[in-house]
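Remember, predicted model here, so these are calculated numbers, not experimental data.
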Amino acid sequence: MVQATLDVPDLHIPRVVIIGGGFAGLELVRSLKSQEVQVVLLDRNNYHTFQPLLYQVATAGLEPDAIAFPIRKLFHNYENFYFRYSVVQEIDTQQKEVVTNLGKLKYDYLVVASGSRTNFFGNENIRYHSMPLKTVVQSLQLRSLLLQNFEKALQTKDLTKREAYMNFVIVGGGPTGVELAGALSELKNYVLPVDYPELDVRKMQVHLVDAGPRVLAALSEESSASAERYLKKLGVHLHFNTLVKDYDGTTAITIKDGEEGQLLGRNLIWSAGVEGNAPKGFDASKITERGNRILVNEFNQVEGVQNVFAVGDVACMKLEDFPNGHPMVAPVAIQQATLLAKNLKCLINGKSLKPFKYQNKGSMATVGKNKAVVEIGKTRFKGVSAWFIWMFVHILSLIGLRNKAIVFINWFWNYLNYDRSNRLIISRFSKEERKEKRDKGKAGVVI
């Protein structure tokens, strides 16, 4: 059976196909606006997600439409731009085609910007029973699970089961884990006691588990220590140098110093690692064993493959300063996409390319109201000033004036009274149904 061709007009100018509408993909489209090329963007969602705020959707601080923006609306006035809502299944570099669920598409230049996905390190029990937090759907599922389990806690007289429903185990002490732990603790301290007066919410426990010796390992020890103090003040239980070996949906099996322990909780949130979301079609030699990322040179080219590039989380550019590739963060993706747009123009015009050099503009994380850490160069902020910097940067980074306004109003209201009005169970969440959908959707790139 001959597969259909994806319906995109041939404009008789160089066609640049971009896989993924994340930070790198969108920045590349913007940067190519004035160039004489046809740009085709492929994504399995018709919207861009501002992933740094997914945890706020999960903890009822924001609705998903505040951190998502329609791709078509963003580029509706761009000439020679085409978006196709499709799932990428494979790349055929010999025929210079992208194979999707809608058909095949020829390219002159291909840019893989498919981002990253949750890495469960081969543990199927954790993959099945835990909750990842990489997409809007997953954030809504986590919110539903949180609220459903509190409703279940009301219905059981078994104290052990009740505590399990109310306990949270977060694996991974990076920004996502730290911010989620802080948000859950604020729910425990200020919101849930009002919603569930029949429950002794004081017995709710939030555990943050990390295999390393401290949280926020990418930041300085000083900022890490400040974040730990904030977390402890909120009542978070910290477990360092601890691995989560297994999880059966109720009890997490941990290992520390060679000895096993147990953490009771029906809510295990996995933020312990990500891996590149590389599509099928590349030779195994082009994919890293550690992290499933596509190997690229200093120009973001996939070496040995003509006119194919990778940017952002899915790309691994091994340099002297970054022997394992650059950190998988938005600034890297945006900077690589910006330079690649210039290099594509140089390539088309037969000019030499410029190598990529990452400019680290800083790192930050928030733990809760008036509690954050920010590092910009050698300058460090913590507490209230850091929290306002964090808030300002994130609002500016959102796409769309409406989204900026909604988030600002929500945060201002929450700042005054800690109220989180989005505590709605829109649809019941079932891990069994999720597993069925996940197994059916194994084919294709999850963008």
To the closest 0.5 Å, what do you measure between [atom1] ([X]) and [atom2] ([Y])?
X: K361; Y: I334; atom1: NZ; atom2: CD1; value: 8.5 Å
X: K371; Y: Y230; atom1: NZ; atom2: OH; value: 8.5 Å
X: N300; Y: Q336; atom1: CG; atom2: CD; value: 4.0 Å
X: W270; Y: T176; atom1: CH2; atom2: OG1; value: 14.0 Å
X: E151; Y: N149; atom1: CD; atom2: CG; value: 10.0 Å
X: D92; Y: K106; atom1: CG; atom2: NZ; value: 8.0 Å

message: Once salt bridge (Lys or Arg N to Asp or Glu O under 4.0 Å) is applied, what residue pairs with a partner in residues 285-303 remain, sequence neighbours excluded?
response: none

With [X], which residues qualify under side chain to side chain donor-acceptor pair (under 3.5 Å), at least two apart?
X: S31; value: E27
X: N46; value: none
X: T49; value: none
X: H394; value: W390

With sequence neighbours excluded, tell me which residues meet ring-ring contact (aromatic ring centres under 6.0 Å, His included) with [X].
X: F356; result: H326
X: Y415; result: W387
X: H207; result: H237, H239
X: F392; result: none

Under 4.5 Å between any side-chain heavy atoms of [X] and [Y], yes or no?
X: V112; Y: I91; answer: yes
X: Q56; Y: V407; answer: no
X: P64; Y: L140; answer: yes
X: L319; Y: Y358; answer: no
X: V373; Y: L219; answer: yes
X: F75; Y: F83; answer: no
X: H129; Y: L268; answer: no
X: I170; Y: V178; answer: no

message: As a quick check of understanding, evaluate side chain to side chain contact (heavy atoms under 4.5 Å, CB included) for Y85 and I71, giving each step before the final call.
response: CA-CA 10 Å; Y85 173 60; I71 291 174; over 6 Å; no

query: Does atom CD of Q94 have more than 12 heavy-atom neighbours, drawn from other residues, nucleotides or ligands, at distances under 6.0 Å?
result: no

- prompt: Is it true that E63 and R143 have a side-chain N and a carboxylate O under 4.0 angstrom from each other?
  reply: yes

Lys/Arg-Asp/Glu bridge criterion (N-O < 4.0 Å) met for R402, D65: yes

So which atom in [X] and which in [Y] form the shortest heavy-atom distance, rounded to 0.1 Å?
X: D210; Y: G172; result: OD1-C, 3.7 Å
X: I294; Y: A278; result: CG1-CB, 3.9 Å
X: A183; Y: T59; result: CB-OG1, 3.7 Å
X: Y247; Y: G265; result: OH-O, 2.7 Å
X: V236; Y: S185; result: CG2-OG, 3.0 Å
X: S220; Y: R214; result: O-NH1, 3.3 Å

task: Give the intermediate values and the outcome of side-chain hydrogen bond (donor to acceptor under 3.5 Å, both in side chains) for residues Q301 and N297.
output: CA-CA 5 Å; Q301 293 173 313; N297 61 17; 2.9 Å; yes

- prompt: Who passes salt bridge (Lys or Arg N to Asp or Glu O under 4.0 Å) against E260, sequence neighbours left out?
  reply: K245

Say whether, by atom type as modelled, one donor and one acceptor occur between the side chain of [X] and the main chain of [Y] under 3.5 angstrom.
X: K161; Y: T156; result: no
X: N403; Y: L398; result: no
X: S224; Y: E221; result: no
X: T93; Y: K96; result: no
X: N167; Y: Q205; result: yes
X: S144; Y: R428; result: no
X: H48; Y: F69; result: no
X: S271; Y: V171; result: yes
X: S114; Y: N277; result: yes
X: Q141; Y: M131; result: no

task: Decide yes or no on side chain to side chain contact (heavy atoms under 4.5 Å, CB included) for L26 and I399, but give the supporting numbers first.
output: CA-CA 11 Å; L26 296 195; I399 298 175; 3.6 Å; yes

- prompt: Which residue pairs pass the ring pair (Phe, Tyr, Trp, His ring centres under 6.0 Å) test with at least one member in residues 139-162, sequence neighbours excluded?
  reply: F150-Y196

- request: Output every pair passing ring pair (Phe, Tyr, Trp, His ring centres under 6.0 Å) with a member in residues 162-191, not counting sequence neighbours, ordered by first then second residue.
  value: Y190-Y418

- prompt: Among side-chain atoms of S285 and D283, is any donor-acceptor pair under 3.5 angstrom?
  reply: yes

message: Could you walk me through whether M166 and D200 satisfy the side chain to side chain contact (heavy atoms under 4.5 Å, CB included) test, starting with their C-alpha distance in whole Å, then the side-chain angles of each, then the deciding distance to 0.1 Å, before giving a yes or no?
response: CA-CA 10 Å; M166 295 166 58; D200 185 1; 5.9 Å; no

- prompt: Checking side chain to side chain donor-acceptor pair (under 3.5 Å) against S116, which of Q51, E275, K134 comes through?
  reply: K134

- prompt: Should L146 and L184 be marked as a side chain to side chain contact (heavy atoms under 4.5 Å, CB included) after you check the CA-CA gap, both sets of side-chain angles, and the distance that decides it?
  reply: CA-CA 10 Å; L146 183 159; L184 286 171; 3.5 Å; yes

